[in-house]
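Start at 1 and go down the list; that is how both ligands and their atoms are numbered.
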Amino acid sequence: MKKPVIAIDGYSSTGKSSISKVIAAKLGLIHLDTGALYRGVTWFALQNCLNDSGTIDLEKLFSSFDQIELEFKNIDGELVLFLNHIDISKAIRTTEVSENVSFVAKQKEVRDFLLQSQRNLAEKGGIIMDGRDIGTVVLPNADYKFFLTASIDERTRRRYLELLSLGIEANEQQVKENLIERDRIDSEREIAPLKQAEDAIIIDNTTISKKETIDEILSHIRKI
Ligand code: DC
């Protein structure tokens with residue numbers, strides 16, 4: 001039997017990736033965190049495509065796509081993101097990347113650059129992909145679609161604790177402002193905005209735990 005294709009979209013810091021990772025392990029699926037790809041392109045741009053004023057030069061970035069090789073490697077069961085053979089899994093979580101990623105992700109050229117490789121990965125089935133436009137644009141025919149949401153204060157708390165656990169210094173108010181700003185840019189952009197697919201199941205996990213969110217998702221998958 002063909003393994004399912006599952007799309008998990010939603011707001012920043014609703015636990016999409018960590019929840020998807022557990023579901024992938026339980027159901028024997030590959031997990032792809034598509035936000036990491038957008039962060040990887042942003043990290044590349046910050047390293048290689050700045051103009052004199054220190055902001056990202058989009059034209060330079062678009063003409064550099066052939067120098068960007070993003071690859072997930074399975075290291076001890078974890079998919080680790082490499083850019084041109086360098087492990088960037090920690091570098092893409094920095095505040096600098098978080099503050100620039102929505103600007104990079106709203107560019108049509110960037111979305112086109114990453115679209116086909118995401119679709120190719122899902123072709124054989126057996127995958128859970130998390131992001132913002134997976135159920136609407138990348139995999140509109142996914143077998144199951146979920147849309148995660150939670151209050152801004154709860155999401156701020158989660159992101160703040162995540163950064164601390166990664167050894168990245170953070171200020172809670174700044175974390176909150178970054179989440180609000182990113183969600184705004186992601187939701188308002190013209191191409192593939194963050195929004196729930198009409199056929200997605202919405203889960204608000206403000207007051208439920210990660211485990212309860214996972215159980216809820218699994219209950220839908222097992223029911224259908
Ligand atoms: O999931 P994340 O916070 O790591 O995602 C980082 C950014 O990437 C997010 O602000 C929006 C963008 N993104 C996107 O536009 N489309 C996706 N499928 C995944 C992420």
Side-chain angles (χ1 to χ4, degrees), residues 5-21 31-46 56 58 61 68 70 72 79-81 83 88-122 127-140 142 145-150 152 154-163 165-166 168 170 174-197 200 205:
V5 169
I6 304 173
I8 310 257
D9 290 303
Y11 290 98
S12 303
S13 293
T14 44
K16 297 184 300 293
S17 287
S18 62
I19 285 164
S20 299
K21 198 191 288 182
H31 165 229
L32 186 73
D33 164 12
T34 62
L37 297 173
Y38 289 93
R39 287 173 177 271
V41 172
T42 304
W43 188 79
F44 177 92
L46 290 169
I56 293 172
L58 288 175
L61 172 62
I68 302 180
L70 287 166
F72 283 99
L79 282 187
V80 178
L81 185 63
L83 172 74
I88 56 162
S89 53
K90 188 160 180 227
I92 59 171
R93 301 291 157 199
T94 56
T95 309
E96 201 190 7
V97 171
S98 295
E99 281 173 353
N100 287 279
V101 65
S102 286
F103 170 67
V104 170
K106 76 175 187 175
Q107 309 303 325
K108 180 180 187 311
E109 289 81 352
V110 172
R111 304 205 73 80
D112 287 348
F113 172 60
L114 294 174
L115 181 60
Q116 199 53 47
S117 48
Q118 294 173 74
R119 284 192 177 148
N120 291 347
L121 283 162
I127 194 162
I128 179 163
M129 249 189 222
D130 76 87
R132 304 292 189 290
D133 61 339
I134 308 304
T136 50
V137 174
V138 180
L139 306 173
K145 297 181 187 178
F146 298 93
F147 190 89
L148 301 188
T149 182
I152 182 64
E154 180 57 21
R155 292 187 291 120
T156 301
R157 198 183 66 83
R158 290 177 194 166
R159 177 68 97 195
Y160 179 68
L161 294 177
E162 183 195 5
L163 290 171
S165 74
L166 289 169
I168 297 172
Q174 270 173 8
V175 170
K176 183 173 181 173
E177 282 163 19
N178 173 253
L179 288 181
I180 293 172
E181 180 64 358
R182 264 192 316 130
D183 287 339
R184 186 189 66 74
I185 300 174
D186 294 342
S187 306
E188 290 179 0
R189 72 180 173 226
E190 261 174 57
I191 304 141
L194 162 65
K195 67 170 183 206
Q196 77 196 67
N205 65 17

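Checked against ring-ring contact (aromatic ring centres under 6.0 Å, His included), Tyr160 has no partners two or more places apart in sequence or in another chain. In this structure Lys106 satisfies the salt bridge (Lys or Arg N to Asp or Glu O under 4.0 Å) test with no other residue, sequence neighbours excluded. Phe147 pairs by the ring-ring contact (aromatic ring centres under 6.0 Å, His included) definition with Tyr11, not counting sequence neighbours.
Closer than 4.0 angstrom to ligand 1 sit non-hydrogen atoms from Thr34, Gly35, Tyr38, Arg39, Arg93, Val101, Ser102, Ala105, Arg111, Gly131, Arg132, Asp133, Ile134, Arg159, Arg182, Asp186, Arg189.
A salt bridge links Asp33 with Arg93; the closest basic N to acidic carboxylate O contact falls under 4.0 Å.
Around CD of Glu177, the count of heavy atoms belonging to other residues, nucleotides or ligands within 6.0 Å exceeds 12.
Although no hydrogens or angles enter the test, the distance criterion places no donor-acceptor pair under 3.5 Å between the side chain of Asp186 and the main chain of Arg132.
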